[in-house]
2 protein chains.
Amino acid sequence: MFSKTCEYAIRGVIFIAQKTADGSRIGIKEVAAGIDSPEHFIAKILQELSRKGIIQSQKGPTGGFYLDAQSRKHTLADIVHVIDGDQIFTGCGLGLKQCSETKPCPLHNEFKKIRDAISKLLRSTHLGEFSEQLEHKLVFLKR
Amino acid sequence: MFSKTCEYAIRGVIFIAQKTADGSRIGIKEVAAGIDSPEHFIAKILQELSRKGIIQSQKGPTGGFYLDAQSRKHTLADIVHVIDGDQIFTGCGLGLKQCSETKPCPLHNEFKKIRDAISKLLRSTHLGEFSEQLEHKLVFLKR
DNA sequence: ACAATAAAAGACAAATTTATCTTCTATTGG
DNA sequence: CCAATAGAAGATAAATTTGTCTTTTATTGT
């Protein structure tokens, strides 16, 4: 469904949201350990999300990653869009570029329903929700 | 959603179903041209599906690929299962191996609905349906 | 039996994704 | 201002997926 990179991205951001609900920052090593991912790999991913304004980062001592008020309004769809592009939102299930409403592949309408369900889910899940969850179930972000 | 290999597989089998609805056989070159895929690549995919009994093949002159009565009862789910495994049917959307009903990831229940919709679609689409379609819209299997 | 045909199989190569390692830059506290 | 800290960035490498090429095997019609 998502690339591995995107899976790490979502897990990482959820972890950050949960761990920095009080406005504090969290270091990359802690994130990597928290979601059981390669440190430098998740670092690059978070840098990308930071550049795009989906999350915030701060260099130097006491630095780390966190979410500001604006970021908490972002959705999972924003993350997926930055990392995997819009393939999952608009792409044909059979990988056909020319597939469209007017020239549909044999499964176009069926796939459309599923794509729409995925889009709706991702667009309606805001990052702030994860900060607000009382029971974080952190262990379940590890593989 | 699917690997490229799996996309080719589905497109290839639909094409074969449409082209051999009369019980005839179709050569690998024609299939490759028909779905705009690398010849040897789709060949390997169809060989695998043939070994697993999802489609039939015949060597030698007048040989080629086709579907028998039994194969027409197979579903898209069977193809996906052979090529991509059961990840799409049962896997966690965030790639977590330990994610389950009792230890769910933060998106488990939401992803479950989507997985179920995909499963239902794939399991309910039988290969025979494509043989029976009057208007084949063959061009829409090409990229 | 023989030559032609077409799928099967195996080796190899390119491309993409995933992961690692090293160096650079910004920030903080003393 | 300096040393320590921590993210940013770039280069490199491993693994996986995708694609290509060559040889083998089975089948057919003559």
Side-chain angles (χ1 to χ4, degrees), chain A residues 1-13 16 19-20 24-67 80 82-85 87-88 94-95 143, chain B residues 1-13 16 19-20 24-67 80 82-85 87-88 94-95 143:
Chain A
M1 189 150 167
F2 306 119
S3 68
K4 228 152 195 310
T5 304
C6 194
E7 289 175 357
Y8 284 139
I10 295 172
R11 282 156 57 195
V13 173
I16 293 169
K19 285 293 198 178
T20 67
S24 61
R25 299 178 191 129
I26 186 171
I28 188 63
K29 277 176 188 155
E30 217 180 321
V31 175
I35 68 171
D36 198 10
S37 76
E39 181 183 326
H40 290 90
F41 194 48
I42 185 66
K44 287 204 175 284
I45 297 167
L46 295 181
Q47 282 160 27
E48 169 83 358
L49 292 175
S50 173
R51 271 195 298 273
K52 293 284 167 58
I54 312 289
I55 65 174
Q56 275 65 48
S57 72
Q58 176 68 47
K59 280 188 180 180
T62 76
F65 297 90
Y66 63 102
L67 304 182
V80 173
V82 166
I83 305 298
D84 279 353
Q87 176 64 24
I88 198 173
L94 298 183
R143 54 184 166 186
Chain B
M1 189 151 167
F2 307 119
S3 68
K4 231 152 194 313
T5 304
C6 194
E7 289 176 357
Y8 285 140
I10 295 173
R11 282 157 57 196
V13 172
I16 293 169
K19 284 293 197 179
T20 66
S24 62
R25 299 177 191 130
I26 185 172
I28 188 63
K29 278 177 187 155
E30 216 180 322
V31 175
I35 67 171
D36 198 9
S37 76
E39 180 182 327
H40 290 90
F41 193 49
I42 185 65
K44 286 202 175 283
I45 296 167
L46 295 181
Q47 280 162 28
E48 169 83 358
L49 292 174
S50 173
R51 271 195 298 273
K52 293 284 167 59
I54 312 288
I55 65 175
Q56 275 66 47
S57 72
Q58 176 69 46
K59 281 187 181 180
T62 77
F65 296 90
Y66 63 102
L67 304 181
V80 173
V82 165
I83 305 297
D84 280 354
Q87 176 64 24
I88 198 173
L94 298 184
R143 51 184 167 187

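Quick caveat: nothing in here was measured; it's all calculated off a predicted structure.
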Hey, does the side chain of [X] come within less than 4.0 Å of [N]'s phosphate (OP1/OP2), counting only N and O?
X	N	value
A:Gln47	D:dA8	yes
B:Arg51	C:dA9	yes
A:Thr62	C:dT27	no
A:Thr5	C:dT18	yes

Item to complete: Hey, which sits more toward the 5' end of DNA chain C by its nearest nucleotide, B:Lys59 or A:Gln58?
Response: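 This one resolves to B:Lys59.
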Item to complete: Between A:Pro38 and B:Gly64, just flag the one whose closest nucleotide in DNA chain C comes earlier from the 5' side.
Response: B:Gly64
What's the shortest heavy-atom distance between [X] and [Y], and which atoms?
X	Y	result
B:Leu46	B:Val13	CD2-CG2, 4.4 Å
B:Phe2	B:Ile88	CE2-CD1, 3.6 Å
B:Ala9	B:Leu49	CB-CD1, 4.2 Å
B:Glu39	B:Ala32	CA-CB, 3.7 Å

Starting at [atom1] of [X] and ending at [atom2] of [N], how long is that distance when rounded to a whole Å?
X	N	atom1	atom2	result
A:Tyr8	C:dT20	OH	C1'	13 Å
B:Phe41	C:dA7	CZ	P	18 Å
A:Glu39	C:dC21	CD	C1'	11 Å
B:Tyr66	C:dA6	OH	P	16 Å
B:Lys4	C:dT17	NZ	P	11 Å
A:Leu46	D:dA6	CG	C1'	13 Å
B:Ile45	D:dT20	CD1	P	12 Å
B:Ile28	C:dA8	CD1	P	8 Å

Worksheet item: For A:Pro61 and A:Ser50, take the nucleotide of DNA chain D holding the closest heavy atom to each; which residue's nucleotide lies nearer the 5' end?
Response: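 Looking at the nearest nucleotide for each, A:Pro61 comes out on the 5' side.
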Practice prompt. For A:Lys29, report the nucleic acid contact type (base, sugar-phosphate, nothing); a contact means any heavy atom under 4.0 Å.
Written response: nothing
Worksheet item: Would you call A:Lys44-A:Glu48 a salt bridge at under 4.0 Å N-O?
Response: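 Salt bridge absent between A:Lys44 and A:Glu48.
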